[in-house]
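Working notes for the structure below.
Throughout, a chain's letter reflects where its sequence line sits, starting with A, and its residues are numbered from 1.
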Number of protein chains: 2
Amino acid sequence: MAIVPMAKREKRITIYDLAKSLNIAPSSVSKALNNSHAISSKIKKMVEDKAKELNYIHNTNAANLRRGFSRIIGVIVPKINESFFANIIAGIEKVCVQHQHSLIICQTEESLEKEVNAVQTLIRQNVDCILISLSLETQSTAHLEEIKNNHIHFIQFDRISPAIDSYTVVNDNEEASYQAVVHLAKQGYQNIAYFGGPAHLNLYQERKQGYKNALKDFGLTFYEDFVKDEIISTASGKQEALHLLQTDVKPDAFLCTSDYVSLGVLEALQQLNLSSPKDVGIIGFANEMFTQLVQPSLSSVNQFSYEMGEQIAELYFSEVMKQKDNEEIKTIKVKTEIVQRASSSR
Amino acid sequence: MAIVPMAKREKRITIYDLAKSLNIAPSSVSKALNNSHAISSKIKKMVEDKAKELNYIHNTNAANLRRGFSRIIGVIVPKINESFFANIIAGIEKVCVQHQHSLIICQTEESLEKEVNAVQTLIRQNVDCILISLSLETQSTAHLEEIKNNHIHFIQFDRISPAIDSYTVVNDNEEASYQAVVHLAKQGYQNIAYFGGPAHLNLYQERKQGYKNALKDFGLTFYEDFVKDEIISTASGKQEALHLLQTDVKPDAFLCTSDYVSLGVLEALQQLNLSSPKDVGIIGFANEMFTQLVQPSLSSVNQFSYEMGEQIAELYFSEVMKQKDNEEIKTIKVKTEIVQRASSSR
DNA sequence: AATATTTTAGAAATCGATTTCCTATAGCCT
DNA sequence: AGGCTATAGGAAATCGATTTCTAAAATATT
């Protein structure tokens, strides 16, 4: 791909300009601006005043090159405009600003190829750390190894691969899923279906496991046919629900690993003239804003996405950044909460 | 604020390492990697192979410093996790990736102070261009002048300040607002209220103007009391609607400049046992996802946020990037569309 | 075959800040 | 007052890639 060259911008004021106009050495200017103790407050004042006067702005690029780190953190998410991820990013951003770090954000649109490119880009940009939530397509982890090879810190969150050793921040998915089923069972639902994402992702395996465990613990029947692993959109949720609800042995409740899928199930019910919660219970994941607005309102597992973002960034600043080579690698579990709404209350 | 120092990462492979191991000059390596025509394909091949073998990764920082530009674009929005802005960012990101540019994203949380800081940060990072949508608080533009002083391109979008000369990408807000009122009028609503944002923002002035013009053109009465300028949240929308709907002369329709405000109006109606669309018409702005999910579904002005993002980035790559000093500055209007739903259909 | 021209590769300067090492001066002590 | 220690400020190297300038080698021309 050809890259259009760009006109160089006009030069801006550098520490050399400040030094010359004050008749001191550039190194002194640098020290003054960095508040070094080896510089008198008289000179510091001079330099600061002159910097203001001439509109000096620090060139992070030059400093980064010399220092070897950038105070930039890279974030890779499947979709920036899904509110779960948007909230995580917002939380990360808030904490990063507090620590004077910037954020470079990439989206993979659920494609492995784009994920690999994003990793490349971030390494090139010299980011200090990469925070990543894997795409649905991702099954190989060579590109994550690449991050390690370049000695860049990284933290996986939500959609993680256990195949690679790293700090992680996740919900307790198995437990959350278990509790969701417990909730449905307590509301009197007996035949609970599971609509999850691709089973090669850890996250969905755990949720499925929690689902199975709860069925067993509560003596509920496990129907192989009620378990679907590739349901990730409203459309596929609707389609699959339509199908299941028209078989002989039909589910009377759905545990969906996404609120969007819950929505699809709801649409299916409406089409079949069934009602929730009376005929069918529904609970989803993520507590998207719309869950409280639809009729009936949708129960959901709140994953505390904004807080997850904060915790990811805080983990970086409190531990990962200072990580020694042989230090223990940590997993943080973010709380979850069953938000009971109409769709599962009978 | 103290900044914790960071351990320098282990060194990675540089062009010098490649050069040494191939017994050629670093400059030749650079040229080879940049596919310069002054290098034989034999050497290019050698260099590329060796680069792969040693896992060489280009150091953007060093290149940026030398070149004077960064291929990084800074984006400043009020809130990353509002779907309108999240969509815009997603659109921008898509186009930037196509042009091998990265994105640094800042959120202001509607605070001028954070906006000023964000601008500072982006200038320091040597971004090539800043894309900004102003915070609700922003009334001064000194910080935007600062962008210009540093010869950094910039484009304002959506919430713009006309006080400063720049490329802009916006909806035709006056027209959209006008059409929204026309739509309400055609549905038989007579007493239309306007719930808008702070009048110091251009955007809201235009929408108010469109509203006024439409009232006049359609011979509808203009009630001073029906026009509110600081309604930007669901809560304030509800509160103000409750108030207006309990006065003597009450509105029978609301034009809200945000879907969140529409939602508040709807809540007010429910509390007062009024119904929409029968008693009161509602139309909002942004076509947020939830507008089609609530009961009754909410009409809205689709602002095509994702497309707006794409157009912003495309404007940069097609024109701004190549901008000559005395070139004409352009405004792009992004289409809008009235999405008629239940809340305004009677 | 001798000269002119074009290619190809290398040497060295450069971008702007940081940092290490060194020197001069001020301040301190006996 | 002489000598010693702190302290403040400067000189120069450095980070890694790009780019300009130069020169040698390869090719073309007459």
C:dG10 OP1/OP2 closer than 4.0 Å to side-chain N/O of B:Ser27: no
Contacts of A:Arg159 that satisfy salt bridge (Lys or Arg N to Asp or Glu O under 4.0 Å) - sequence neighbours left out: A:Glu110
Bending between helix ends of the helix from C:dA1-D:dT30 to C:dT30-D:dA1 [5 pairs per end, 10° resolution]: 40°
Length of the line joining A:Asn64:CG and C:dT18:P, which is rounded to integer Å: 10 Å
Phosphate contact (D:dT18 OP1 or OP2) by B:Arg67 side-chain N/O below 4.0 Å: yes
Nucleotide D:dA17, atom P - distance to CZ of B:Arg71 in whole Å: 15 Å
Euclidean distance, atom NE2 of residue A:His58 to atom C1' of C:dG16 [Å, nearest integer]: 9 Å
Any donor-acceptor pair under 3.5 Å from A:Asp17 side chain to A:Thr14 backbone: yes
Pairs involving residues 54-65 of chain B, ordered by first then second residue, that meet side chain to side chain donor-acceptor pair (under 3.5 Å) (sequence neighbours left out): A:Asn126-B:Asn59
Neighbours of DNA chain C within residues 31-50 of chain A, by heavy-atom distance under 4.0 Å: A:Lys31, A:Asn34
Spacing between B:Arg124 atom CZ and C:dC15 atom C1', to the nearest angstrom: 19 Å
Qualifying residues under side-chain contact (heavy atoms from CB on, under 4.5 Å), relative to A:Glu145, sequence neighbours excluded: A:Lys148, A:Ile164
Donor-acceptor side-chain pairing of B:Ser135 and B:Thr138 below 3.5 angstrom: yes
Residues forming a salt bridge (Lys or Arg N to Asp or Glu O under 4.0 Å) with A:Glu53, sequence neighbours excluded: A:Lys50
Chi angles and distances behind the ring-ring contact (aromatic ring centres under 6.0 Å, His included) call for A:Phe317, A:His101: CA-CA 10 Å; A:Phe317 291 112; A:His101 279 58; 4.8 Å; yes
Between B:Thr331 and B:Thr168, a side-chain donor and acceptor under 3.5 Å: yes
Those residues that, when tested against A:Lys20, pass side-chain contact (heavy atoms from CB on, under 4.5 Å) (two or more places apart): none
Residue met sooner reading DNA chain D from 5', once A:Ser28 and B:Ala62 are mapped to nucleotides: A:Ser28
Counting only pairs under 3.5 Å, give me each side-chain donor-acceptor contact of residues 87-96 of chain B, with atom names and distances, residues two or more places apart or in other chains.
| from | atom 1 | to | atom 2 | distance (Å) |
| --- | --- | --- | --- | --- |
| B:Asn87 | OD1 | A:Asn81 | ND2 | 2.7 |
| B:Asn87 | ND2 | B:Ser83 | O | 3.2 |
| B:Asn87 | ND2 | B:Ser305 | OG | 3.3 |
| B:Glu93 | OE1 | A:Gln107 | NE2 | 3.3 |
| B:Glu93 | OE2 | A:Gln107 | N | 3.1 |
| B:Lys94 | NZ | B:Glu310 | OE2 | 2.7 |

Pairing residues for B:Val116 by the side-chain contact (heavy atoms from CB on, under 4.5 Å) criterion, not counting sequence neighbours: B:Leu112, B:His143
Between N or O atoms, less than 3.5 Å apart, protein on one side and nucleotides 23-28 of chain C on the other: list the pairs.
none

For DNA chain D, the residues among residues 13-25 of chain A that have a non-hydrogen atom under 4.0 Å from it: A:Ile24, A:Ala25
For residues 21-31 of chain A, please give each side-chain donor-acceptor pair under 3.5 Å, one per line with the distance, not counting sequence neighbours.
| from | atom 1 | to | atom 2 | distance (Å) |
| --- | --- | --- | --- | --- |
| A:Ser21 | OG | A:Leu18 | O | 3.4 |

Gap between atoms CD and C1', on A:Gln125 and D:dG16 respectively (whole Å): 15 Å
Nearest-Å distance for atom pair CZ/C1', residues A:Arg66 and D:dT14: 5 Å
Pair A:Ser166, A:Gln156: side-chain N/O donor-acceptor within cut-off below 3.5 Å: yes
Residue of the set B:Leu122, B:Leu144, B:Val75, B:Ile155 for which side-chain contact (heavy atoms from CB on, under 4.5 Å) holds with B:Ile132: B:Leu144
Nearest-angstrom distance from the residue atom CG of A:Asn61 to P of D:dA17: 13 Å
